[in-house]
Student: 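I have a structure here, written as structure tokens, and I will follow up with some questions on it.
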Amino acid sequence: MLTLFTNRYQAYQPPQGVPVRITLGAPRFKLGYSLTHSVRELAPRREYLSQPEPEFKTAYRADLDQFGPERIAARLRQITQAEGDHRLVLLCFEDLADPAQWCHRRIFAAWWKDTTGDTVRELGPMAGQYEQGTLM
């Protein structure tokens with residue numbers, strides 16, 4: 001079983017599940033939790049990191065398509081098996097409560113839904129809405 005959520009580093013709480021870094025770089029600020037896992041396949045590449053959202057989205061989704069849902073799921077399952085917890089929280093930096101912000105974690109969530117049919121809920125507030133993910 002694999003249950004995925006997204007959140008930002010600053011909002012993550014250990015009861016939410018296993019924290020997983022999906023950014024190129026690690027946070028440079030102190031975390032109140034241990035961040036042992038990283039999935040490089042889900043981090044955007046530097047080549048398009050500063051592109052406007054439409055171009056970024058196209059390039060990032062193309063990378064995800066190249067890896068494919070099976071390879072990504074296998075990588076994520078390695079973490080669930082190592083941790084004994086099926087709940088993974090994919091983390092990055094952006095504060096989605098700010099309407100000016102967008103983030104690759106939600107682009108991944110949409111791609112995952114499109115390719116697997118499984119929903120990836122955001123655990124933090126999102127601009128104009130609050131999408132509460134269930135933790136059970």
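Computation of the quantities below employed the complete heavy-atom set of this structure, encompassing side-chain atoms and omitting hydrogens, waters and symmetry-equivalent molecules.
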Student: Quick one: list whatever passes salt bridge (charged side-chain N to carboxylate O under 4.0 Å, His left out) with D118, sequence neighbours left out.
Tutor: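 For D118 there are no salt bridge (charged side-chain N to carboxylate O under 4.0 Å, His left out) partners, ignoring immediate neighbours.
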Student: Would you say the side chain of C92 lies within less than 4.5 Å of the side chain of T23, judging by non-hydrogen atoms?
Tutor: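 Yes, at least one pair of side-chain atoms sits under 4.5 Å.
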Student: Counting N and O atoms only, with roles assigned by atom type, does the side chain of Y9 sit under 3.5 Å from a partner on the main chain of F29, one being a donor and the other an acceptor?
Tutor: no
Student: May I ask you to say whether R106 pairs ionically with E94, meaning some side-chain N is under 4.0 Å from a carboxylate O?
Tutor: no
Student: Does the side chain of L90 come within less than 4.5 Å of L76's, by heavy atoms?
Tutor: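 Side-chain contact under 4.5 Å: yes.
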Student: For L91 and V20: C-alpha separation, side-chain torsions, deciding distance, then whether side chain to side chain contact (heavy atoms under 4.5 Å, CB included) applies.
Tutor: CA-CA 6 Å; L91 300 172; V20 179; over 6 Å; no
Student: V18 vs T80, test: side chain to side chain contact (heavy atoms under 4.5 Å, CB included). Steps then yes/no.
Tutor: CA-CA 8 Å; V18 178; T80 65; over 6 Å; no
Student: For the OG1 atom of T58 and the CG atom of D63, what is their distance to the nearest 0.5 Å?
Tutor: 11.5 Å
Student: Indicate whether the side chain of T3 and that of H86 have a donor and an acceptor atom separated by less than 3.5 Å.
Tutor: yes
Student: Could you go step by step and tell me if R61 and I107 meet the side chain to side chain contact (heavy atoms under 4.5 Å, CB included) rule?
Tutor: CA-CA 8 Å; R61 285 184 70 110; I107 296 170; 3.8 Å; yes
Student: Is the side chain of R87 donor-acceptor paired with the backbone N or O of P15 at a distance under 3.5 Å, no angle test?
Tutor: yes
Student: Please give me the minimum heavy-atom distance between L35 and P27, naming the atom from each residue.
Tutor: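 Minimum heavy-atom separation between L35 and P27: CD2-CD, 4.0 Å.
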Student: Out of curiosity, Q66 CD to R71 CZ, how far, rounded to the nearest 0.5 Å?
Tutor: 8.0 Å
Student: Between atom SG of C103 and atom CD1 of I22, what is the distance when rounded to the nearest 0.5 Å?
Tutor: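 Answer for the SG-CD1 pair, C103 versus I22, is 6.5 Å.
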Student: Could you measure the distance from the CE atom of M1 to the CZ atom of R77? Nearest 0.5 Å is fine.
Tutor: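 It is 11.0 Å, given to the nearest 0.5 Å.
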Student: To check you understand the geometry: which heavy-atom pair defines the closest contact between L96 and Q101, and what is its length?
Tutor: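 Reported closest heavy-atom pair: CD2-O, 4.0 Å.
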Student: Starting from the C-alpha separation in whole Å, work towards a yes-or-no answer on side chain to side chain contact (heavy atoms under 4.5 Å, CB included) for R40 and L24.
Tutor: CA-CA 7 Å; R40 182 86 172 169; L24 288 174; 3.5 Å; yes
Student: So how far is it from T119 OG1 to L4 CG, rounded to the nearest 0.5 Å?
Tutor: 10.5 Å
Student: Kindly say whether the aromatic ring centers of Y60 and W111 come within a distance under 6.0 Å.
Tutor: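 Aromatic pair excluded; centres sit 6.0 Å or further apart.
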Student: Please enumerate all residues that pass salt bridge (charged side-chain N to carboxylate O under 4.0 Å, His left out) together with R21, with sequence neighbours excluded.
Tutor: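 In terms of salt bridge (charged side-chain N to carboxylate O under 4.0 Å, His left out), with neighbours along the sequence ignored, R21 is linked to no residue.
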Student: Apply the test side-chain hydrogen bond (donor to acceptor under 3.5 Å, both in side chains) to residues H37 and Q78: give CA-CA distance (whole Å), side-chain angles for both, the deciding distance (0.1 Å), then the verdict.
Tutor: CA-CA 10 Å; H37 300 286; Q78 287 175 340; over 6 Å; no
Student: Output the distance between atom CG (D85) and atom CD (Q16), rounded to the nearest 0.5 Å.
Tutor: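 The CG atom of D85 sits 11.5 Å away from the CD atom of Q16.
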Student: Quick one, R8 and D95 - any side-chain contact, counting heavy atoms below 4.5 Å?
Tutor: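 The answer is yes, as the side chains (C-beta and beyond) meet within the 4.5 Å cut-off.
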Student: For a 4.5 angstrom cut-off between non-hydrogen side-chain atoms, does L88 reach F5?
Tutor: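 No, too far: nothing below the 4.5 Å cut-off.
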Student: Out of H104, E122, R121, which residue meets the side-chain hydrogen bond (donor to acceptor under 3.5 Å, both in side chains) rule with T6?
Tutor: E122
